[in-house]
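Data first, discussion second: the structure below is written as structure tokens.
Sequence lines set the chain letters: A, B, ... in the order given, protein chains first and strands last, and positions in each chain run from 1. As the structure is a prediction and not an experimental result, all values here were calculated from the model. Atom set for the values below is all heavy atoms of this structure, side chains included, hydrogens, waters and symmetry mates excluded.
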Amino acid sequence: MCLGIPGELVELADDDTDLATVSVAGVRRKVNVGLLADNEEKLAVGDWILIHVGFALAKIDEAEAAAALEMLHSMGPAYDQELEEFVASSTGREGL
Amino acid sequence: MKYVDEFRDGDTARAIGTRIAALAEPGRRYAFMEVCGGHTHTIYKHGLEDHLPESIRLVHGPGCPVCVLPMGRVDDAIAIARDPDVIMTAFGDMMRVPGSDGSFFDAKAEGADIRMVYSPLDALKIARANPERRVVFMAIGFETTTPSTAMTILRAAREGLENFSVFCNHVVVIPPMTAILDSPDLRLDGFIGPGHVSTIIGCEPYRFIAAERGKPLVVAGFEPLDILQSIHQLMVQLAEGRCEVENQYGRVVPWDGNRRALEVVDEVMELRDTFEWRGLGWIPESALQLREAYAAFDAERLFTIPGRRVADPKACQCGDVLQGALEPWECGVFGTACTPETPIGTCMVSSEGACAAYYNYGRFSRSRTRGATSLPDPVVVGR
Ligand code: SF4
């Protein structure tokens, strides 16, 4: 559960739910970006973020995201489980 | 993916290993604690100890939130879950954690409505969909996870949801580190600081560990080379007689952390006077509870819980493993009675637990050369 998954922002949050759409390993889901609200630079489509239990924790650069993804893949079962749970998340699918 | 290659590169790892070895004073032994379970996982997975000189020992710390949960709290959660009005929701990692009378899985098999969720937001959604039931989220985790729970509570408050509550077991990382420094059995030379926790709290809170406790700390990323580099930074500090907090993971961890996340947590939660940690006992101000203002969302106030303190099973040596006093394979039941499928202790439950990581990727070469006395049968590698 402590793994962070990198995802690419494909659609910004458009209302006060803080839910933005990200693409993780080709799967589109909603995540809450409210914890990045104070980020000096605003979020933009194409940004990479580190996702943990459905929330974006930090903005990361693309190289970091690639490295993190690669490493997560190498973890095998632990990553598969995390990704499966992420994909199964009901919030992720339909929003709030 | 050049960046990745750089981080994977065996030559680079060997080169750092050589530089680390060159910094080691002859005859001196070094022990560094990696606090975070994610680091423990990387260390075993990639056999990082093979790149280090014999004189450097990596000690696994208490930074796996599932592993440090005491039996009594699991029992309390199960007591709540057994209420027929309740839907208990929890992260997948939580399901197998043994209490004194079974785990969530066992309680579920006996009829309790316990559902696995990926996010606290999923629990909130279940609450909206089931207005006639009381939905409780079993909240566990260090500073990385706490802001998510806090945000979810704020959301529930804004919506005026009356059937959602949180059983809060969030812990903070620095008090157990201090407790370990106070323990007479363990002499540490420095810390590999947790990466994702520091994304939230930043690097400042560790300063006293360097300034007052005289131990250098390097916040590290999760790639194998990140960890080797952070060990190198620790060795350079020791060689130069410095003792500071450094950030090796600057590409993700801002020095000041995530201010918004800290504000959200502070709005909803406050420190408990004391909290029990598996293996470490009661540690003052080491966990969080909901503030009075959010009492309506606090399962501890809404339900009657047994709150009994339960001693760990006799065979279980998780406490020693969590304090770095014992290597996972030195526990008498490791890999025999205690496996990830049938965990006796918590360190075998989560993939971030030292025992599970060792079980999955264990390497015995180093242990053997270190005069291990009680080697269990060879471990299945890369299961
Ligand atoms: S082998 Fe099992 S009982 Fe022993 S320390 Fe590890 S998790 Fe605990």
For A:L57, which atoms come within 4.5 Å of any heavy atom of chain B: side chain, backbone, both, or neither? both
Side chains of [X] and [Y], heavy atoms from C-beta outward: is any pair under 4.5 Å?
{"X": "A:L50", "Y": "B:H196", "value": "yes"}
{"X": "A:T17", "Y": "B:R155", "value": "yes"}
{"X": "A:H52", "Y": "B:T145", "value": "yes"}
{"X": "A:L36", "Y": "B:N258", "value": "yes"}

Nearest heavy-atom neighbours spanning [X] and [Y]:
{"X": "A:I51", "Y": "B:Y118", "value": "CG2-OH, 3.8 Å"}
{"X": "B:M151", "Y": "A:F55", "value": "CB-CE2, 3.5 Å"}
{"X": "A:G54", "Y": "B:L121", "value": "O-CD1, 4.3 Å"}

Please classify the contact of B:S148 with chain A as side chain, backbone, both or neither, using a heavy-atom distance under 4.5 Å.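 For B:S148, heavy atoms of backbone and side chain both lie under 4.5 Å from chain A.
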Rounded to the nearest 0.5 Å, what separation is found between the CG atom of A:L35 and the CZ atom of B:R259?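 These two atoms lie 13.0 Å from each other.
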By salt bridge (Lys or Arg N to Asp or Glu O under 4.0 Å), which residues pair with A:E11, not counting sequence neighbours?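 By the salt bridge (Lys or Arg N to Asp or Glu O under 4.0 Å) rule, A:E11 matches no residue at all.
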Would you indicate whether B:E204, at its atom CD, is surrounded by more than 12 heavy atoms from other residues, nucleotides or ligands within a distance under 6.0 Å?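 Atom CD in B:E204 is packed in, count exceeds 12.
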